[in-house]
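To start, the structure itself, in structure tokens.
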Amino acid sequence: MTHEIVLTVNGQTERATVPASMTLLELLREPLHLTGTKEGCGIGECGACTVLLDGAAVTACLVLAVEADGCDVQTIEGEANDGQLSTLQQAFIDAGAAQCGFCTPGMILSARALLDRSPNPTDEEIVEAIAGNLCRCTGYEAIIAAVRRAADRIGGEGSDG
Ligand code: FES
Ligand code: FES
């Protein structure tokens with residue numbers, strides 16, 4: 001059984017005919033070719049597939065595509081603006097917070113959700129925001145520093161870049 005859905009992905013209206021069992025992760029990576037969203041565990045435990053669904057960070061492997069009907073989705077491809085890295089992306093580079101990079105799209109979107117709701121988070125809030133995102137490479141300190149650096153820069157610039 002299939003369903004017709006319409007959703008907004010990175011500001012673009014997308015229409016798709018999806019099986020009832022298709023996940024949002026499968027929809028993004030396959031028909032929509034947005035492969036920046038990574039599949040790690042496939043069971044909601046690693047956070048590699050994190051995207052924003054109506055502004056909230058969710059694990060796309062646990063969301064059915066039909067549940068995203070009518071919703072606004074942001075993937076990592078929507079984080080840059082006109083080819084310019086966002087302040088948050090640049091902070092990850094500057095802080096050395098991306099090593100193999102597999103966790104990075106999900107980390108950035110968990111951090112994006114945090115900064116959108118709490119522009120000046122405490123380190124505890126940063127840790128809590130990325131608690132569902134596993135990283136095998138960095139030891140997390142550089143990631144926390146990157147989010148702090150982005151928050152400081154965004155505060156200084158007065159934009160959410
Ligand atoms: S792939 Fe979705 S949480 Fe691991
Ligand atoms: S940078 Fe490799 S898993 Fe995080």
Side-chain angles (χ1 to χ4, degrees), residues 3 5 7-10 14 16 18-80 84-117 121-154 161:
H3 300 269
I5 64 169
L7 65 166
T8 304
V9 181
N10 300 330
E14 302 283 359
V18 299
S21 61
M22 177 180 268
T23 65
L24 176 59
L25 176 60
E26 290 168 330
L27 172 68
L28 292 171
R29 285 186 57 84
E30 292 164 20
L32 299 184
H33 307 297
L34 294 168
T35 55
T37 305
K38 302 304 180 198
E39 178 167 12
C41 64
I43 54 171
E45 293 186 349
C46 74
C49 65
T50 302
V51 299
L52 301 188
L53 186 67
D54 288 340
V58 298
T59 46
C61 69
L62 293 187
V63 176
L64 292 172
V66 292
E67 294 179 281
D69 188 19
C71 294
D72 185 64
V73 175
Q74 186 195 326
T75 70
I76 193 64
E77 288 87 349
E79 179 66 15
Q84 287 282 106
L85 295 181
S86 70
T87 302
L88 185 55
Q89 288 173 307
Q90 189 61 52
F92 266 65
I93 294 171
D94 296 344
Q99 291 186 24
C100 81
F102 193 80
C103 71
T104 309
M107 282 287 184
I108 286 179
L109 289 170
S110 289
R112 164 59 57 206
L114 171 67
L115 295 181
D116 285 351
R117 68 175 184 272
T122 63
D123 283 355
E124 289 71 27
E125 287 173 315
I126 295 171
V127 169
E128 189 177 329
I130 63 168
N133 296 80
L134 301 185
C135 176
R136 293 182 309 169
C137 306
T138 66
Y140 300 98
E141 288 300 321
I143 292 171
I144 294 164
V147 180
R148 161 62 43 219
R149 187 184 290 227
D152 291 347
R153 284 186 189 164
I154 291 166

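Numbering of ligands and ligand atoms starts at 1, following listing order. Only a predicted model underlies this, so the values are computations on that prediction, with no experimental measurement involved.
- At least one N/O/S atom of C61, whether from backbone or side chain, sits less than 2.8 Å from atom 2 (Fe) of ligand 1.
- Close approach of ligand 2 to C137 (heavy-atom distance below 4.0 Å) involves ligand atoms 1 (S), 2 (Fe), 3 (S).
- Among the atoms of C49, an N, O or S atom falls under 2.8 Å of atom 2 (Fe) of ligand 1.
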Practice task
Show the numbers, then the answer: is there a side-chain contact (heavy atoms from CB on, under 4.5 Å) between R149 and R153?
Solution key: CA-CA 6 Å; R149 187 184 290 227; R153 284 186 189 164; 3.5 Å; yes

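- A heavy-atom distance below 4.5 Å is found between the side chains of Q89 and I108.
- Distance check for C100 against atom 4 (Fe) of ligand 2: none of its N/O/S atoms falls below 2.8 Å.
- Listed by number with element, the atoms of ligand 2 under 4.0 angstrom from any heavy atom of G101 are 1 (S), 2 (Fe).
- Annotation: side chain of L32 is in contact with side chain of E14 (closest heavy-atom distance under 4.5 Å).
- The nearest heavy-atom contact from the protein to atom 1 (S) of ligand 2 is Q99 N, 3.3 Å.
- Residue G44 approaches ligand 1 through these ligand atoms, each under 4.0 Å from one of its heavy atoms: 3 (S).
- Between E79 and R112, at least one side-chain N (NZ, or NE/NH1/NH2) sits under 4.0 Å from a carboxylate O, which counts as a salt bridge.
- No option in I144, T122, I143 other than I144 meets the side chain to side chain contact (heavy atoms under 4.5 Å, CB included) test with V127.
- Each of the atoms 3 (S) of ligand 1 lies under 4.0 Å from some heavy atom of E45.
- Those atoms of ligand 2 with a heavy atom of C103 less than 4.0 angstrom away are 1 (S), 3 (S), 4 (Fe).
- Contact atoms of ligand 1 toward G42: 1 (S), 4 (Fe) (distance under 4.0 Å to a heavy atom of the residue).
- Here atom 4 (Fe) of ligand 1 is the vertex; the SG atom in C46 and the SG atom in C41 give an angle of 110° (to 10°).
- In this structure, the protein non-hydrogen atom closest to atom 3 (S) of ligand 2 is R136 N, 3.3 Å.
- Looking at T37 and L24, their side chains never come closer than 4.5 Å, going by heavy atoms from C-beta outward.
- Side-chain contact check for V51 versus V58: some heavy-atom pair is nearer than 4.5 Å.
- Looking only at distances, no side-chain donor or acceptor of D72 sits under 3.5 Å from a matching main-chain atom of D54.
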